[in-house]
Number of protein chains: 2
Amino acid sequence: MRCLRTLVLFDKGNISSSESWRSVYEGYSRSIQRIDFPEGSGALTLRRKRRLNSGQFERNGVKYLQSRFLKNMRDDEGWQPEGVVELARDRHQPPLKLYPEGIDFIEPIASDFGGFDLYLRSDDGFRVAIEWETGNISSSHRSMNKLSISIKAGLVDAGVLIVPSRAFYEHLTDRVGNIGELSGYLEMWAGLGASIPRGMLAISVVEHDSLTDDLTVPYLPRGDDGRAKEGRAKL
Amino acid sequence: MRCLRTLVLFDKGNISSSESWRSVYEGYSRSIQRIDFPEGSGALTLRRKRRLNSGQFERNGVKYLQSRFLKNMRDDEGWQPEGVVELARDRHQPPLKLYPEGIDFIEPIASDFGGFDLYLRSDDGFRVAIEWETGNISSSHRSMNKLSISIKAGLVDAGVLIVPSRAFYEHLTDRVGNIGELSGYLEMWAGLGASIPRGMLAISVVEHDSLTDDLTVPYLPRGDDGRAKEGRAKL
DNA sequence: TATGGATCCATA
DNA sequence: TATGGATCCATA
């Protein structure tokens, strides 16, 4: 699998020049590169989506990709997940005006930040949150918002969203995150950097190595491992 | 149905004091109030969710609510939808840095803004975008981001997200938008106001009038979207 | 084809 | 129970 490019949305404190960042970047970059299919082939060969008689498309599932990524980060690169980012519910919540009452109101913070796909801490204390985004495109918005807030709160030094290219997206589960549909919003997240004293936000765009119509190459399994066989049986 | 409160996230140009805004607010406020179930009863009586033998919950679907709202806005309040907000693909896209290349890169804007649930224009030119948010909670993030960008671009004077209270959410399709899960992000959207010369962003929180266990009150109808079939197959 | 959505799933 | 999905639907 390939990392096509890494976009830096903001970088306050010149974090992208640090050795700590470079080490994390190279680790996740290699972990992406090592995701192959069929496993052991050394490249990600993706079965092209195809229209079934029902009119639906058959596509590749997404869970395999994330689980390979996390495994590579752990087993090959030696990164251990750090547990959840603690963004307390009792943190400062600015008062908002109520309409039409015109009075101040503090909406209580009534949910927790559920954590990142991967939250790392280097020996020198450098903290990185990585989101492997193959949920629905709308979920990518939440991920970016969450990374932004965590950086602003000083809980994360660098936040990364890893997201499929538009071409890759075409052959994956319908409506998963993709850089094309985020492109119109980059300006907004980049603008958030103005109010942040220190921290970096980036997006890495990933893609398959090649497409195939070869019937002997299965689609990436959909659902969890237990249902992978089920998915293949349907073919 | 009730509107519990309307939170103003930012208001640049004192838009909330304008007669144009008041007129729109009162119209959508009444349109919410007139959503009833069973139809004609004058109140939204909601069947409480219940656990089935399979372990799944039976809950209320969400499409009925939105379609009633849009109908009330049109038939009772006389608001005609205005078509799509034109946020051109060739608008300014700021250059971002690529890592590790360190060079500037403009990510092309490769998707359109697909429009709002309701986009209104008063006779005096006042433009309001309203999102009735009963999609997935992550979709509420996209809606808020989209409203924010459209206001910033000067295409919308006031943007409103209408979203269920946490108590209401409990009995609707699992994982739909709710104020509880947005509460931790309000600060971010409120902060966007700082860089916007003119415009207003608000959230209205809505709720049922009463809950019932009465077996003669049906659940709000559900569609066949998403993983509906998968769920039914388990029954 | 493209965009926003609606629905149930997995797991701590 | 709570949070982040993963998946397929509806419609212009």
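The sequence lines fix the lettering, A, B, ..., with proteins before strands; numbering per chain opens at 1.
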Checking all strands, does B:Ser111 fall into the base, sugar-phosphate, or nothing category for heavy-atom contacts under 4.0 angstrom? sugar-phosphate
If you only use heavy atoms from C-beta on, which nucleotide in D:dT7, C:dA6, D:dT3 is closest to the side chain of A:Asp112? D:dT3
Shortest side-chain distance from A:Arg166, nucleotide among C:dA2, C:dC9, C:dT7: C:dA2
Atom CZ of A:Arg222 to atom P of C:dC8: distance rounded to whole Å? 19 Å
Between A:Asn60 (side chain) and A:Tyr219 (backbone), is there a donor-acceptor pair under 3.5 Å? no
Distance below 4.0 Å between A:Arg59 side-chain N/O and D:dT7 OP1 or OP2: no
Rounded to whole angstrom units, what separation is found between the CD atom of B:Gln56 and the P atom of C:dA10? 11 Å
For A:Glu131 and D:dT3, give me the distance from atom CD to atom P, rounded to whole Å. 15 Å
Side-chain donor or acceptor of A:Asn136 under 3.5 Å from a matching atom on the base of C:dG5? yes
Which one, D:dT7, C:dT3, C:dG4, comes nearest to the side chain of A:Tyr169? C:dT3
Between A:Ser139 and D:dG5, is there a side-chain N or O to OP1/OP2 distance below 4.0 Å? yes
Can you tell me the distance, in whole Å, between the CG atom of B:Leu70 and the C1' atom of C:dG5? 13 Å
Would you mind reading off the distance between B:Glu170 atom CD and D:dT1 atom C1', rounded to a whole angstrom? 8 Å
Aromatic contact, B:Phe69 with B:Tyr64 (centres under 6.0 Å): no
Do A:Glu107 and B:Arg5 sit within salt-bridge range, that is, some charged N less than 4.0 Å from a carboxylate O? yes
Reckon A:Ser143 has a side-chain N or O less than 4.0 Å from the OP1 or OP2 of D:dG5? yes
Is any side-chain nitrogen or oxygen of B:Lys63 closer than 4.0 Å to OP1 or OP2 of D:dC9? no
For atom CD of A:Gln66 and atom C1' of D:dG4, their distance in whole Å: 10 Å
Whole Å only: how far is the CG atom of B:Asn60 from the C1' atom of C:dT7? 14 Å
Between CG of B:Asn178 and P of C:dT7 the distance, given in whole Å, is 15 Å
Electrostatic pair A:Glu170:A:Arg48 at N-O distance under 4.0 angstrom: no
Is any side-chain N or O of A:Arg142 closer than 4.0 Å to OP1 or OP2 of D:dT3? no
Do the side-chain N or O atoms of B:Thr134 get closer than 4.0 angstrom to the phosphate oxygens (OP1, OP2) of C:dG5? no
Considering only side-chain heavy atoms of B:Phe57, which listed nucleotide, D:dA6, C:dG5, D:dT1, is closest? D:dT1
May I ask you to decide whether B:Lys152 forms a salt bridge with A:Glu187, counting only side-chain N to carboxylate O separations under 4.0 Å? no
Between B:Glu133 and A:Lys49, which residue's closest nucleotide on DNA chain C lies nearer the 5′ terminus? A:Lys49
N/O (side chain, A:Thr173) to phosphate O (OP1/OP2, D:dT7) under 4.0 Å: yes
Charged N to carboxylate O under 4.0 angstrom, A:Arg50 versus A:Asp213? no
From the candidates C:dA6, C:dG4, D:dG4, the one with an atom nearest any side-chain atom of A:Arg175 is C:dG4
